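Data block below; observations after.
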Amino acid sequence: MGPAVTTSDSTTSDGAREPRSRAERYDPSAIEPKWQARWDELRLYEADLDDESRPRFYLLTMYDYPSGSLHIGHWYVKTPTDAIGRYHRMRGDNVFQPIGFDAFGLPAENAAIKNRINPRDWTMANIATMRSQLRTMGAGWDWTAEVVTCDPSYYRWNQWLFLRFLEHGLAYRAVSPVDWCPNDGTLAREQVEGADRHCWRCGAKVEKRELAQWYLRTTRYADELLDFSGIDWPEPIRIQQTNWIGRSTGAEIVFSTAPAAHHPGGSELRVFTTRPDTLYGATFMVLAPEHPLVAELTAPDRTADVEAYVKAAADKTEIDRLSADREKTGVPIGADAINPVNGARIPIFIADYVLGTYGTGAIMAVPAHDERDFAFATTFGLPIVRVIAPRDSDPDEPLTEAFVDKAADEAPRGTGRHDGPLGDIELINMGSDSAGRLVLVNSGPWDGKPAVDAWHGIVADLAERGLGRQAVTYRLRDWLVSRQRYWGTPIPVVHCPIDGAVPVPEEDLPVLLPDTVDYRGSGENPLNRDDAFLNVACPRCGGPARRETDTLDTFIDSSWYWFRYLSPGKDDGPVDSEMVHRWTPVNQYTGGAEHAVMHLLYSRFFTKAMRDLGLVDESEPFRRLFNQGQILGADGERMSKSRGNVQDPDELVARYGADTVRLYLMFMGPWDQGGPWSPTGIGGVARFLSRVWTIALDPAGREPGDPASGELPEGEDEAAARDHVRAATHRALRDVTEDIEGFRWNTMVAKLMELSNTLFRYRGTAITELPEWDEAVRLLLLMLAPSAPHITEELWSRRLAARGEPWESIHVQRWPEVDERAIVEQTREVPIQVNGKLRDRITVPVGISEIELEQIVMSRDKVVAAIGDAHVARVIHAGGGRLVNIVLRG
RNA sequence: GCCGAGGUGGCGGAAUGGCAGACGCAGCGGUCUUAAACACCGCAGGGGGCAACCCCGUGAGGGUUCGAGUCCCUCCCUCGGCACCA
């Protein structure tokens, strides 16, 4: 049992041992389940979505993956979120606070393979556990709106949406590589282990395999996704999304291949560059190892080297490949390209720092003006030709590093569209050189022309010859949604030998996952072996065909689930458009910052795509977003069962009660920060709630440990004490309200502690008989109600009972109003600095003039001493008289 | 490596460019108790001094300012993300 919370003597004490106070002690286990049951009975948290009489407030928190049981991290997001909902209810809003489960995903399959249990059984059992755990939190979830994504009534609409996307050209199929294990099939990133990249299950060497897979065309919305107007999202998230999308303006330039013994030449090689003005400085070309023309262009005597390099590149992660300070590697393929502006023959290399997924998968290398190209050229002894130089400098002075305009780094970023540093080319911010400081050199007809003019001029010339055009490229790629797995939404397509990929007709949805599944101890998709699932008649020609066995990425599920909460049972469409129009965008979304780019960008994409399909009118899913931090294990690592660092909330609830756990999580630190879990300090919060209990139920009691107990604080008469109590109460109300609005829970709790400490000092005095005290207790309970719903409900009900008033839940009371008059002060303390160092403090009347204040300041002994014989240069009255600083000369 | 966030007492943290360390935890002293636990009251950044008081102090180094934890530059460290974990 925890300190101060439940002790045996509160329940068993009798005449043998006199407890300190006859008042009942705070025992959360006796009150929390009682109120949870009562709230359910009253359906206190079931929103009436048709209620037009109050402002709507859609409060959404990221739904959870049912991984087994809740850990303290789940509570860390949910308790403040619940406090937001409760606060808004008290503000008079119609709050909709739904919850659900993100039920498809890899862990269920891993468990299934390992333990030979059906993923559905595993998942549903976990959901049952987590539901019951969630109840102990006493949160205001509306369970009538629950969504579970592995239910056919949900995933059928994933399929339906996929078919609409297909119709509108937003879904397509293309070949792309996956990590592949010969025994276990496609592997997720987390299933590839070690530097040698082996399969986590069988240890086999992981290969790349090319598979035809389904994509969603997120890039169609790239520009619109850069526009954050109308939503109130944290700047860091907007910056991360903007950089993730990575819009770059540049040019596509067509080089051609030079004739060689093994190749007739004349093939087009397109490159994307943000620096067409440096075209004359291209001294070699680099293709990504996976570029489609590599095999064709490679000279016979280079084949062995090139193939070995391509194979090695496939083994590396993109993160490795893009590391800028890594030693540059690459191999020549024994072919040349021809520069369209000057006919120069330049050698073609492949190198892994060029990615097949960005731009055209090929770059023109300009070592004089790009750091990576410079490093590569230096390693391989390739020529470096300077083509940009400050006006009147020597153009042929050798470079010791790439000459890149540093002003590019100062380009504004993040809040809107921008062109920033790219994966492979550093962009000069053309706007930064509007003065024409930089000119072209070694560039034929362009010598002496400002780089800014050449940038556009060279592109225009190329365009005229059909050899180039201005182009925009994004770092953002289309969304690969195919997963070679069982436990997901089956992609509703049939492959027919005659008709190709045929969509499943809408009336045949849902394509159900087979109930029985046999993994045979392998990770390979069991749908591939399930004849009953596989064999199907072609919807178009009726001939024998084969079902698509890929399932959809679970991020599809989470890309529209908040729409579904509004009509979870709807069976003639995915969403109730009218309801969606009324209730979205979501007013407040809360969840982890680890979703900054993927889930939060996919959700925005889906909303825009669904708008264009005519399903919803909104363009953005979430009006306001907050990303809380992550609670790590006590060891500072992410909580996971395998590390054994998971903190179970049930244990804490059993010991301290849900209210204490909720409040402690809020008190730990700033909500967006998170940090390692440590239970040290939870006792302080428990003590705080015990004090609140005592203040509310036993105000007349005295503390034998405090000799001054029952007396007013020294120097305070009754009138002063009344003012003091009232001022403390209303100041707390003002600050707590602001802190809740700003989600500053830790300081909110601190201010409630401060108020309770103040009130505690008046226990046993006559003050507790007065209206000021009564108001203080009332406001303290109301302020605490959103965060600690059970204890406040209990104390509220006893308060009403004591007055003979009928019971009404504290959670339907109105949030109180601050009385500004109570807070006004007569005097204030002014710190006095000499040369910025604190030397004295004085207390002065609030309305004092600067002249009067200065007179008092200058007469103070400490000030006089600090000034000595120095000369006062000036006196600064800062912040409207908040501080005085005396500046000395010499 | 790139993008984003952060670094303040023994610990969690507080501080619209204006008194660094609110509020807690741990610690120390005390009250209550036969005693202990609980509870309560008080002390408490580091160094020096009997004291008044003085000096130092917000990852490191520079800068802007009357004044910097806060703004700017360089660097170091930690955390999140990097497209098949969710």
Side-chain angles (χ1 to χ4, degrees), chain A residues 3-4 7 9 20-21 25 62 64-65 67 102 105-107 110 178-179 186-192 235-237 239-240 242-244 246 317-326 357 414 420-421 423 476-477 479-480 482-485 553-555 558 592-599 601 627 629-630 632 636 638 664 667-670 672-676 678 680-685 687-688 690-691 694 702-709 746-747 749-754 757 760 829-833 835-838 841 862 873-876 878-879 882-888:
Chain A
T7 59
D9 62 12
R20 182 186 4 278
S21 161
R25 301 185 83 179
M62 290 178 189
D64 291 307
Y65 182 77
S67 52
D102 184 17
L106 190 59
N110 291 339
V178 295
D179 286 325
T186 304
L187 298 181
R189 171 145 300 180
E190 65 166 21
Q191 297 174 316
V192 178
E235 167 116 349
I237 304 291
I239 293 173
Q240 281 187 82
T242 301
N243 292 337
W244 182 260
T317 65
E318 272 186 26
I319 293 171
D320 286 341
R321 286 175 58 169
L322 286 172
S323 292
D325 64 349
R326 200 179 116 242
T357 50
L476 181 72
R477 308 204 282 257
W479 178 7
L480 173 64
S482 278
R483 297 292 181 271
Q484 290 77 49
R485 294 187 215 294
D553 182 2
T554 57
F555 273 122
S558 54
E594 68 272 21
H595 293 295
V597 283
M598 302 186 64
H599 162 59
L601 196 62
N627 288 122
Q630 205 166 37
L632 307 171
R638 267 180 92 145
Y664 178 57
F667 185 55
M668 277 175 57
D672 61 358
Q673 205 171 284
S678 161
T680 330
I682 193 168
V685 172
R687 211 155 13 244
F688 161 62
S690 286
R691 278 173 173 244
T694 306
R702 297 203 179 189
E703 289 304 326
D706 177 8
S709 179
N746 56 328
T747 54
V749 175
K751 280 153 196 166
L752 290 172
M753 286 175 165
E754 228 165 336
N757 289 343
F760 211 80
E829 196 177 55
V830 180
I832 301 161
Q833 297 181 337
N835 275 347
K837 280 190 179 226
L838 181 72
R841 292 188 182 93
K862 286 180 188 171
R874 60 181 169 132
V875 177
I876 289 166
R882 258 208 321 279
L883 171 143
V884 174
N885 188 16
I886 299 162
V887 185
L888 305 180

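Quick caveat, the model's predicted, so the values are computed rather than measured. Proteins get letters first, then strands, A, B, ... in listed order; numbering begins at 1 in each. Atom set for the values below is all heavy atoms of this structure, side chains included, hydrogens, waters and symmetry mates excluded.
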Subject >> Counter-base of B:A39, judged by Watson-Crick or G-U geometry with both distances under 3.5 Å >> reply: B:U31

**OP:** To the nearest Å, give me how far apart CD (A:Glu190) and P (B:C82) are.
**Re:** 11 Å

Original post:
What is the pairing partner of B:G45, taking Watson-Crick or G-U wobble pairs with both distances under 3.5 Å in any strand?
Top reply: B:C56

Original post:
For the residue pair A:His599 and A:Phe555, does the interplanar ring angle fall in the parallel (under 30°), tilted (30 to 60°) or perpendicular (over 60°) class?
Top reply: parallel

Original post:
For B:A68, what is the paired nucleotide under Watson-Crick or G-U wobble rules, both distances under 3.5 Å?
Top reply: none

**OP:** Look through every strand shown and name the nucleotide pairing with B:C2 as Watson-Crick or G-U wobble, where both distances are under 3.5 Å.
**Re:** B:G81

Subject >> Presence of A:Gln191 side-chain N/O under 4.0 Å of B:C84 phosphate oxygens OP1/OP2 >> reply: no

Original post:
Nearest to the side chain of A:Met668, which nucleotide is it out of B:C19, B:G81, B:G12?
Top reply: B:G12

Subject >> Pairing nucleotide - B:G24, Watson-Crick or G-U, each distance under 3.5 Å >> reply: B:C11

Original post:
Considering all heavy atoms of both residues, which atom of A:Gly592 and which atom of A:Asn627 are nearest to each other, and what is their separation?
Top reply: O-ND2, 3.2 Å

**OP:** Using side-chain contact (heavy atoms from CB on, under 4.5 Å) as the criterion, point out the one residue from A:Leu106, A:Thr186, A:Asp179 that pairs with A:Gln191.
**Re:** A:Leu106

**OP:** State which residues pass side chain to side chain contact (heavy atoms under 4.5 Å, CB included) with A:Asn835; sequence neighbours excluded, sorted by chain then number.
**Re:** A:Val887, A:Leu888

**OP:** With heavy atoms under 4.0 Å as the rule, sort A:His599 into base, sugar-phosphate or nothing.
**Re:** nothing

Original post:
Is the distance from OP1 or OP2 of B:G24 to the nearest side-chain N or O of A:Asn757 less than 4.0 Å?
Top reply: yes

Original post:
With respect to the phosphate group of B:C2, does any side-chain polar atom (N or O) of A:Asn243 fall under 4.0 Å of OP1 or OP2?
Top reply: no

